[in-house]
Amino acid sequence: MSNDSLLPASSPPDGPATRLLAGALVGSLLTAILLPMRRFGKGEVRDSFPFSHYPMFSAQRKDHYWVAHLLGVRSDGTLTPLHYSYVGTGGLNAVRRQMRRRVKEGDGQVLAERAAEKIAARDLAGDRTVVRVHMVRGRYLVEPFMTGADREEYTSRLDVRGSADVPGREEQLALLDPIATIGSAA
């Protein structure tokens with residue numbers, strides 16, 4: 001058997017029609033790639049698939065962001081953020097959306113009480129000194145937060161939407177300075 005039998009009987013045409021088709025294909029691809037650039041420099045830029053300019057990275061952001069979350073008070077009066085799993089099950093974004101909705105509906109006290117009960121039941125080493133739970137809605141400054149500043153530098157406001165003492169920690173709670181307030185962390 002010779003090597004000639006492995007080659008196709010006829011090769012594809014290499015005429016002007018093939019070159020014209022290839023040129024039209026290349027031209028249309030280049031046009032599709034460069035067409036979205038005509039919007040830059042104008043005031044109105046709209047994101048559209050598949051020609052995206054990724055506004056999630058390029059859009060102007062507000063200087064602050066409101067977040068509903070749990071804040072624990074330790075027996076020495078210090079504040080510590082608590083894990084979202086004390087409020088609900090699922091991923092962070094799902095629980096975060098549920099917390100935001102429930103706090104807006106006025107259920108902050110219920111969420112704080114449930115979280116306090118879960119802290120007592122789980123008895124995790126890192127949360128054993130937490131004696132009180134606050135459900136807060138905090139206003140955070142985005143720029144200092146993203147650059148890694150201390151909490152005092154990026155927290156501009158904390159609104160307490162519910163508070164509950166952790167069951168079974170009354171002795172530690174008695175050590176808490178009654179003058180210490182959550183407002184001192186804001």
Subject >> ILVMFWY cluster, L92 and L111 together (side-chain gap under 4.5 Å) >> reply: yes
Original post:
Any chance CZ of R114 has more than 12 other-residue heavy atoms, nucleotides or ligands included, within less than 6.0 Å?
Top reply: no
Subject >> Any donor-acceptor pair under 3.5 Å from T78 side chain to R74 backbone >> reply: no
Subject >> Common cluster, V67/V95, ILVMFWY with side-chain heavy-atom separation under 4.5 Å >> reply: no
Original post:
Does some side-chain heavy atom of Q98 sit less than 4.5 Å from a side-chain heavy atom of V87?
Top reply: no
**OP:** Search all heavy atoms of A68 against all heavy atoms of V103 and return the closest pair with its distance.
**Re:** CB-CG2, 4.1 Å
Subject >> Hydrophobic cluster identity match, L79 and L70, side-chain contacts under 4.5 Å >> reply: no
Subject >> V136 side chain near L158 side chain, heavy-atom distance below 4.5 Å >> reply: yes
Subject >> Check: Q109 side chain, S163 main-chain N or O, donor-acceptor pair, under 3.5 Å >> reply: yes
Original post:
Which residue pairs pass the salt bridge (Lys or Arg N to Asp or Glu O under 4.0 Å) test when at least one of the two sits in residues 79-101, sequence neighbours left out?
Top reply: R101-E105
**OP:** Report yes if some heavy atom in the side chain of L71 is under 4.5 Å from a heavy atom in the side chain of T80; otherwise report no.
**Re:** no
**OP:** Carefully, step by step, assess H69 and Y84 under the rule side-chain contact (heavy atoms from CB on, under 4.5 Å).
**Re:** CA-CA 7 Å; H69 63 95; Y84 68 89; over 6 Å; no
**OP:** Taking the side chain as every heavy atom from C-beta outward, state whether T129 and V131 have any pair of such atoms under 4.5 Å apart.
**Re:** no
**OP:** Compare every heavy atom of V130 with every heavy atom of R169, then report the nearest pair and how far apart it is.
**Re:** NH1-O, 2.8 Å
**OP:** Provide the closest heavy-atom pair for P167 versus A116 in the form atom of the first, atom of the second, distance.
**Re:** CD-O, 3.6 Å
Subject >> Approximate separation, where rounding is to 0.5 Å, of L141 CG and H64 NE2 >> reply: 8.5 Å
Donor-acceptor contacts, no H, no angles, side chain residues 120-127, under 3.5 Å, sequence neighbours left out:
{"unit_1": "R122", "atom_1": "NH1", "unit_2": "S85", "atom_2": "OG", "d": "3.0"}
{"unit_1": "R122", "atom_1": "NH2", "unit_2": "S85", "atom_2": "O", "d": "3.2"}
{"unit_1": "D123", "atom_1": "OD1", "unit_2": "R128", "atom_2": "NE", "d": "3.2"}
{"unit_1": "D127", "atom_1": "OD2", "unit_2": "Y86", "atom_2": "OH", "d": "2.5"}

Original post:
For R161, which residues count as a side-chain hydrogen bond (donor to acceptor under 3.5 Å, both in side chains) partner, sequence neighbours excluded?
Top reply: none
Subject >> Exercise: identify the closest heavy-atom pair between A115 and V133 >> reply: CB-CG1, 4.0 Å
Original post:
Would you say M135 and Y140 are hydrophobically clustered, going by side-chain heavy atoms of ILVMFWY under 4.5 Å?
Top reply: no
